[in-house]
Amino acid sequence: MEKLLIKGGNRLSGEIRISGAKNAALPILAATLLTKETAVIKNLPHLHDITTMLELLGCMGVHTVVTEDMSVEINAGTLNNLTAPYSLVKTMRASILVLGPMLAHFGEANVSLPGGCAIGTRPVDLHIRGLEAMGAEIEVVDGYIRAKVNGRLKGAKIFFDTVTVTGTENILMAATLADGVTILENAAKEPEVIDLAHCLNAMGAKITGIGTDTLRIEGVESLHGCTYPILPDRIETGTYLVAAAVTGGKIKLKDTDPTILDAVLTKLREAGAKITTGPDWIELDMEGRRPKSVNITTAPYPAFPTDMQAQFTVLNAIAEGTATVVETVFENRFMHIQELNRMGANAQVSGNTVVIKGCEKLSGAPVMATDLRASASLVIAGLIASGETLVDRVYHIDRGYECIEEKFQNLGGLVSRVVRGAE
Ligand code: EPU
């Protein structure tokens, strides 16, 4: 069984390149189902979730060719199966993103309902209600969402009563081929949603209001192929910045985008980090100091991202002072706290809030990864802990961090992949 072995104590320093954003790549790959022409998607991150999405497209008969420079050419003209099976959906919830495009383009889609999830119940009711408002007939039978539409979907005014990232993306994709105008209100404004909207426009869609919470989509009869590069991964960027900050280090991240990380950079500066940025790079220098505690409240973009909550919890665990972290997006995203406390952290969870009293040192321990971002936080904890930390269930990390051990090694972090039995 593969695990990550981390020997703590090294101060991170050096430069690495940031990969393309997983959460932009997944909807953009699904969007290629909207055209029969070839789409070339560039700057694709090399991750398990991306492989799963390509496998899902492949099992529908879609032709995909991955080239050496991590681009993929996709042609959905060969699609011959309108089902996303449970075997793939259960391994990746984002498979639900094929529902909107398949239904809009082919008039039918059968997508397995994603099951429970380590970070909360995560329903998909808003995806279903949005498509129904556009004229789709949807029933849930035998664990599958079976959606059909007679002719084209119809433009509609849809208000999301909760801000949902993949919900906005699903309805946005469907609306590009609908008959008439669709207005999405209280839409998600995450950079990944913006990237998808720009890609759809490059395919011939007519979307305005991009980057605001009201998207207007004038439906067109067909979309065409395009060549589109995925934006840099802001969560991967933030994760390495926090890792450098907790070790007192100095690093430079290249091929990233500082303009989509305001909330995270503000909190790092508040923690005492010196940050300088250029058009596509960020440098963080902690000058060997211990971070100061920072209070965090997660919320949809542009507020502080839930996907950076676990990493900042580790920062607070070794910071000077006491911090409060409030999680408002997912109800059960504190699974890493118990593991951090086993490493010597002093964190108490009460409802959706955790109070963390910073301590000077953590100690290495065998720990269990529970979800993608929680696993990343345990690796960061290992980098500052005394002795060895062994992170189990690394498949969570491989879903969202490209070559994590190589990147940390390039920064001087002692992270290696080992094969060991259950301990
Ligand atoms: N929600 C509903 N009904 C719905 C959809 C969502 O009640 O139909 C609720 C959720 O239960 C949650 C809130 O709305 O409480 C927000 O969930 P959202 O739908 O925005 O999450 P998501 O689209 O499933 C994406 C990312 C997550 C990220 C969240 C929040 C992708 C593939 N996933 O999930 O990324 O945490 O937005 O920003 O884009 C990760 O990368 O580790 C990850 C979990």
Side-chain angles (χ1 to χ4, degrees), residues 19-31 45 47-50 52-53 56 89 91-100 111 113-133 138 140 145 158-173 184 186-196 213 230-231 233-239 260 263-264 298-311 327-333 335-336 352 369-377 395-402 404:
S19 305
K22 165 181 86 78
N23 289 349
L26 292 172
I28 286 174
L29 291 176
L47 299 170
H48 272 197
D49 273 9
I50 300 300
T52 305
M53 184 56 92
L56 179 58
V89 179
T91 65
M92 186 183 68
R93 295 182 53 81
S95 308
I96 189 79
L97 285 165
V98 299
L99 176 63
V111 179
L113 268 178
C117 165
I119 62 179
T121 48
R122 299 181 80 181
V124 289
D125 55 315
L126 299 173
H127 303 234
I128 294 178
R129 268 192 260 152
L131 293 171
E132 281 175 339
I138 301 186
V140 177
I145 303 168
I158 295 163
F159 174 81
F160 293 102
D161 60 13
T162 302
V163 177
T164 162
V165 174
T166 50
T168 301
E169 291 166 345
N170 234 338
I171 308 303
L172 175 65
M173 289 188 277
L184 303 184
N186 201 24
K189 294 179 289 194
E190 268 64 7
E192 295 75 20
V193 179
I194 297 176
D195 208 35
L196 169 67
D213 61 7
I230 304 288
L231 96 163
D233 197 313
R234 65 192 164 107
I235 306 302
E236 189 195 25
T237 305
T239 301
I260 53 176
V264 169
T298 68
Y301 191 85
F304 190 89
T306 173
D307 289 344
M308 284 301 301
Q309 179 258 107
Q311 301 86 320
E327 172 60 63
T328 76
V329 180
F330 292 112
E331 74 265 27
N332 190 24
R333 215 172 188 182
M335 308 276 276
H336 46 289
N352 72 343
T370 47
D371 79 73
L372 172 54
R373 309 304 169 186
S375 335
S377 78
Y395 52 83
H396 288 296
I397 298 193
D398 295 331
R399 291 187 44 209
Y401 289 91
E402 181 173 280
I404 191 164

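Whatever order the structure lists ligands and atoms in, that order sets their numbers, starting from 1.
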Heavy-atom distances under 4.0 Å decide this one: backbone, side chain, both or neither, for [X] against ligand 1?
X	result
Arg93	neither
Ala94	side chain
Arg373	side chain
Thr164	both
Asp371	neither
Arg333	side chain

Contact (N/O only, under 3.5 Å) between [X] and ligand 1:
X	answer
Leu126	yes
Asn23	yes
Val165	yes
Asp125	yes
Glu331	no
Glu190	no

- In terms of its nearest heavy atom to atom 35 (O) of ligand 1, the top option of Ile96, Thr162, Asp307 is Asp307
- Nearest non-hydrogen atom to atom 5 (C) of ligand 1 belongs to which of Pro123, Gly167, Pro27? Pro123
Would you say that [X] contacts [Y] through its side chain, given a criterion of any heavy-atom pair below 4.5 Å between the two side chains?
X	Y	value
Met53	Lys22	no
Asn186	Asp161	no
Pro114	Val124	yes
Thr164	Asn170	no

Given 3.5 Å as the limit, does a donor-acceptor pair link the side chain of [X] with the main chain of [Y], or not?
X	Y	answer
Arg93	Arg122	yes
Glu190	Val165	no
Glu192	Ala21	no

Atom indices of ligand 1 within 4.0 angstrom of [X] heavy atoms, with elements:
X	answer
Lys22	40 (C), 41 (O)
Thr306	30 (C), 36 (O), 38 (O)
His127	8 (O)
Arg122	11 (O), 22 (P), 24 (O), 34 (O)
Val329	12 (C), 13 (C), 15 (O), 16 (C)

- Message: Could you report the tightest heavy-atom contact between Asp233 and Ile235, atom names first, then the distance?
- Response: OD1-N, 2.9 Å
- Ser377 to His336 - nearest heavy-atom pair and separation: OG-CB, 3.8 Å
- Message: Do the side chains of Arg333 and Asp307 get close enough for a salt bridge, i.e. N-O under 4.0 angstrom?
- Response: yes
- Contact check, Ile128 vs ligand 1, heavy-atom distance below 4.0 Å: no
- Query: Can a non-hydrogen atom of Glu169 be found less than 4.0 Å from any atom of ligand 1?
  - Reply: no
